[in-house]
Protein chains: 2
Amino acid sequence: MADRQLGVTVEDVAREAGVSRSTATRALRGHGRIAEETRTRVEEVAARLGYVPNLAAADLAAGGTGVVGLMLRDAANPVYGALFSRIELAARDADLDLVTVTIGADPAGAQQVQGLRRLLGMRVAGLLVATGGVESARLEPFASEVPIVRIGRDEPSDRIHAEAYDEAWHGRLLADRVRALGHRRVVVLGADAATSYGEHARADALVDGLEGVRIDRVATGAAPDDGVGAALAAVDAGATAVLCASDTRQLAVLRALAAAGRACATTGWDGILPGVDLLGLTTVRVPVEAAADAGVARIAALLDGVVDAPIHRRWRGELLVGRTLTPAEDR
Amino acid sequence: MADRQLGVTVEDVAREAGVSRSTATRALRGHGRIAEETRTRVEEVAARLGYVPNLAAADLAAGGTGVVGLMLRDAANPVYGALFSRIELAARDADLDLVTVTIGADPAGAQQVQGLRRLLGMRVAGLLVATGGVESARLEPFASEVPIVRIGRDEPSDRIHAEAYDEAWHGRLLADRVRALGHRRVVVLGADAATSYGEHARADALVDGLEGVRIDRVATGAAPDDGVGAALAAVDAGATAVLCASDTRQLAVLRALAAAGRACATTGWDGILPGVDLLGLTTVRVPVEAAADAGVARIAALLDGVVDAPIHRRWRGELLVGRTLTPAEDR
DNA sequence: TTGAAAGCGCTAACAC
DNA sequence: GTGTTAGCGCTTTCAA
């Protein structure tokens with residue numbers, strides 16, 4: 001086949017097939033009445049000419065797209081990779097087209113504004129927000145224009161839907177276990193709110209579950225081994241466990257402990273990492289699949305005109321018990 | 001601020017600001033001559049009205065976008081997550097806008113065609129292809145329309161650029177080590193070509209590097225523990241090492257070995273997984289960053305009109321020596 | 001420095 | 001069933 005010409009328009013196809021532009025469109029899109037014979041001829045010509053419809057023109061003329069915008073946090077973290085993958089899968093099954101913009105951990109929020117404008121500028125039919133970092137206030141002004149569903153994090157606004165993880169419950173799961181194993185002084189290691197909303201909230205959830213336990217809380221920045229030094233110092237001072245708000249951080253702690261020739265109980269959060277089992281991590285397996293599926297199902301329903309009042313749901317994962325959470329006595 | 005109206009057009013902004021539509025456009029885009037006073041007034045009005053430019057209209061009128069399309073393999077695999085993340089980062093630095101479509105492991109290639117059409121339909125200014133699965137023949141027809149850069153895999157066509165991994169070299173790195181440790185009969189575990197071009201090519205590279213070694217080659221499908229049974233059987237029959245074309249597969253093998261209470265040397269490929277070090281994996285750390293940066297730099301150059309003849313480059317990673325590759329004698 | 005006008009490629013009534 | 005027509009919202013000459 002010869003090289004395609006992206007410059008080929010329906011006009012060209014129509015002329016070549018000896019029909020009018022609108023007939024060609026009808027044939028190509030399969031809408032309206034069309035003679036079977038015409039349709040095949042037009043399709044044949046389109047294929048021969050290598051016609052690729054100009055989406056900008058189509059969207060403009062049609063007054064909007066059927067596309068759903070996805071705001072995603074940087075997929076370097078396997079948790080977001082897994083979430084992304086599952087959302088894509090669910091969208092495919094639901095026959096939704098997705099366009100994705102990613103957002104790093106950007107304190108100033110410039111990327112968020114940028115990404116949001118990109119999506120809104122495309123006149124997406126709906127918005128899926130899978131980044132904890134985007135504040136509710138930033139989203140809310142658009143809630144009346146476009147249905148918005150948040151995935152993986154709770155949502156204060158009652159104009160935005162949410163399929164969140166039940167982090168409070170997860171925190172209690174972990175905390176109960178830690179207490180049951182006799183720990184009475186622990187380190188809680190989580191990002192500050194600006195770096196990662198999710199990790200911050202998780203650390204809070206842990207703290208809430210740890211009544212009666214003495215807590216050294218360490219806030220970290222973005223770097224994975226941020227705060228690890230402080231955590232080890234607390235261990236030296238008598239803490240018997242280091243509870244981390246993410247598995248990546250737990251790995252950093254394990255690394256540091258090994259390097260220092262020390263031992264200490266640890267827990268993490270996510271449970272997504274391939275190899276959690278082999279590493280023996282104690283962690284919470286976050287219900288990525290459930291939240292992703294529910295989020296996509298919800299946006300699909302909203303697009304279909306099933307207009308519920310925004311619903312906020314929370315999904316529960318499970319505790320993964322590994323070797324890293326040893327009893328307090330073991331020291 | 002009141003709720004934004006996505007229905008707001010330049011027309012509305014212009015009227016409200018008391019200027020013509022073209023003046024408003026000029027003010028907003030900062031092109032052409034415009035009185036400073038007018039520009040600020042228009043901008044002020046636009047902000048007040050919550051004007052979000054319709055990208056479809058803009059692209060159509062301007063006759064194309066400045067956006068670069070990225071075709072990515074499903075980010076569930078951390079390697080693709082890392083690649084994605086790095087490409088996004090580099091694009092941000094180079095001030096390129098990216099729109100991403102993802103493609104699963106889809107034998108029929110329907111997703112590929114779909115994704116490609118989406119991107120081409122948007123009239124992207126360039127194409128970044130970070131999926132081994134997309135065949136050269138599928139891309140080539142468009143090479144004259146739009147610059148195409150492949151990232152992470154080699155490219156037979158001389159009309160498409162490539163910033164690939166030097167898998168032949170990587171294979172030799174691993175193979176040499178395996179031989180040096182005395183292995184004379186090994187299993188090579190890699191996907192069949194349809195499931196993963198990359199894994200298949202890697203298995204080939206391993207085999208090429210293993211002159212004088214007896215090889216049981218096992219081809220697998222997509223499931224991570226596919227072929228693991230066959231590999232263990234070969235170990236029973238006398239193979240002293242299992243060489244895997246990806247770390248995920250290596251993990252599956254380690255899991256199976258542990259479950260069976262057996263021991264055997266293993267190697268993997270990727271080295272991206274957080275925790276490779278703690279797991280003690282022996283693997284090749286693939287140069288994701290270098291390839292991503294180079295790919296983005298290349299497409300940026302092409303967009304700037306720096307028209308080189310397509311260049312095919314290969315980037316080299318390094319051997320990561322862990323505990324999993326034991327000497328042959330150890331059995 | 002600003003405005004008027006001519007489309008970009010496609011869709012969707014509405015006639016024929 | 002098919003053709004005609006009127007835009008969608010924006011950019012961009014070209015005059016004023």
Side-chain angles (χ1 to χ4, degrees), chain A residues 4-43 45-46 49-67 117-118 120-125 145, chain B residues 4-43 45-46 49-67 117-118 120-125 145:
Chain A
R4 315 302 189 85
Q5 284 298 125
L6 288 184
V8 178
T9 71
V10 247
E11 192 76 58
D12 300 325
V13 175
R15 190 178 325 110
E16 183 79 9
V19 296
S20 74
R21 183 153 31 107
S22 54
T23 301
T25 298
R26 247 180 266 126
L28 262 10
R29 310 213 45 233
H31 278 183
R33 287 159 155 22
I34 191 93
E36 191 50 35
E37 194 256 327
T38 320
R39 118 101 69 44
T40 47
R41 182 156 40 94
V42 172
E43 273 173 350
V45 171
L49 263 37
Y51 170 65
V52 178
N54 183 321
L55 261 31
D59 292 346
L60 186 57
T65 62
V67 172
R117 274 183 79 86
R118 266 273 293 290
L120 262 9
M122 298 180 77
R123 299 298 187 264
V124 292
E145 289 300 315
Chain B
R4 315 302 188 86
Q5 284 297 125
L6 288 185
V8 178
T9 70
V10 246
E11 192 77 57
D12 299 325
V13 175
R15 191 180 322 110
E16 183 79 9
V19 296
S20 74
R21 182 153 30 102
S22 50
T23 302
T25 298
R26 245 178 269 125
L28 263 9
R29 312 214 43 237
H31 277 185
R33 283 157 157 27
I34 191 94
E36 192 49 36
E37 194 257 328
T38 319
R39 119 100 68 46
T40 48
R41 182 155 40 90
V42 171
E43 272 173 350
V45 171
L49 263 37
Y51 170 66
V52 179
N54 184 321
L55 261 31
D59 293 347
L60 186 56
T65 63
V67 173
R117 275 183 78 86
R118 268 272 293 291
L120 263 8
M122 300 179 76
R123 300 297 188 263
V124 292
E145 289 299 316

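Each chain gets a letter, A, B and so on, in the order its sequence line appears, and its residues count up from 1. Every heavy atom of this structure was used, including side-chain atoms; hydrogens, water molecules and symmetry mates were not.
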Ordered by number, residues from residues 20-34 of chain A within less than 4.0 Å of DNA chain D (heavy atoms) are A/Ser20, A/Arg21, A/Ser22, A/Thr23, A/Arg26, A/Arg33, A/Ile34
Test item: A/Arg123 and A/Glu145 side chains (from C-beta on) under 4.5 Å apart, heavy atoms: no
Of the residues in residues 59-66 of chain B, which ones touch DNA chain C at a heavy-atom distance under 4.0 Å? B/Leu60, B/Ala61
Those residues that, when tested against B/Ser22, pass side chain to side chain donor-acceptor pair (under 3.5 Å) (two or more places apart): B/Ser20
Steps toward side chain to side chain contact (heavy atoms under 4.5 Å, CB included) verdict (A/Val45, A/Tyr51): CA-CA 9 Å; A/Val45 171; A/Tyr51 170 65; over 6 Å; no
Checking side chain to side chain contact (heavy atoms under 4.5 Å, CB included) between B/Ile34 and each of B/Thr23, B/Val42, B/Leu28, which is the one that passes? B/Thr23
Residues which pass side chain to side chain donor-acceptor pair (under 3.5 Å) with A/Thr38, listed by chain and number, not counting sequence neighbours: none
Axis-to-axis angle for the helix from C/dT1-D/dA16 to C/dC16-D/dG1, ends of five pairs each, to 10°, equals 30°
Between C/dC10 (C1') and B/Met122 (CE): distance, integer Å: 16 Å
When you match B/Ala57 and B/Val19 each to their closest nucleotide on DNA chain C, which lands nearer the 5' end? B/Val19
Non-neighbouring partners of A/Arg29 that pass side chain to side chain donor-acceptor pair (under 3.5 Å), sequence neighbours left out: none
By side-chain contact (heavy atoms from CB on, under 4.5 Å), A/Ala57 pairs with (sequence neighbours left out) A/Asn54, B/Leu60
Measure the distance from CD on A/Glu11 to C1' on C/dC10 and round it to the nearest whole Å. 10 Å
Those residues that, when tested against A/Arg26, pass salt bridge (charged side-chain N to carboxylate O under 4.0 Å, His left out) (two or more places apart): none
For A/Glu36, which residues count as a side chain to side chain donor-acceptor pair (under 3.5 Å) partner, sequence neighbours excluded? A/Arg39
Taking 5' to 3' order, which nucleotide of DNA chain D is first and which is last to have an atom within less than 4.0 Å of a heavy atom in chain A? D/dG1 to D/dG9
Donor-acceptor pairs under 3.5 angstrom involving side-chain atoms of residues 10-19 of chain B: please list them, not counting sequence neighbours.
unit_1  : atom_1 : unit_2  : atom_2 : d
B/Glu11 : OE1    : B/Arg21 : NE     : 2.9
B/Asp12 : OD2    : B/Thr9  : N      : 2.9
B/Asp12 : OD2    : B/Thr9  : OG1    : 3.4
B/Glu16 : OE2    : B/Arg48 : NH1    : 3.4
B/Glu16 : OE2    : B/Arg48 : NH2    : 3.4

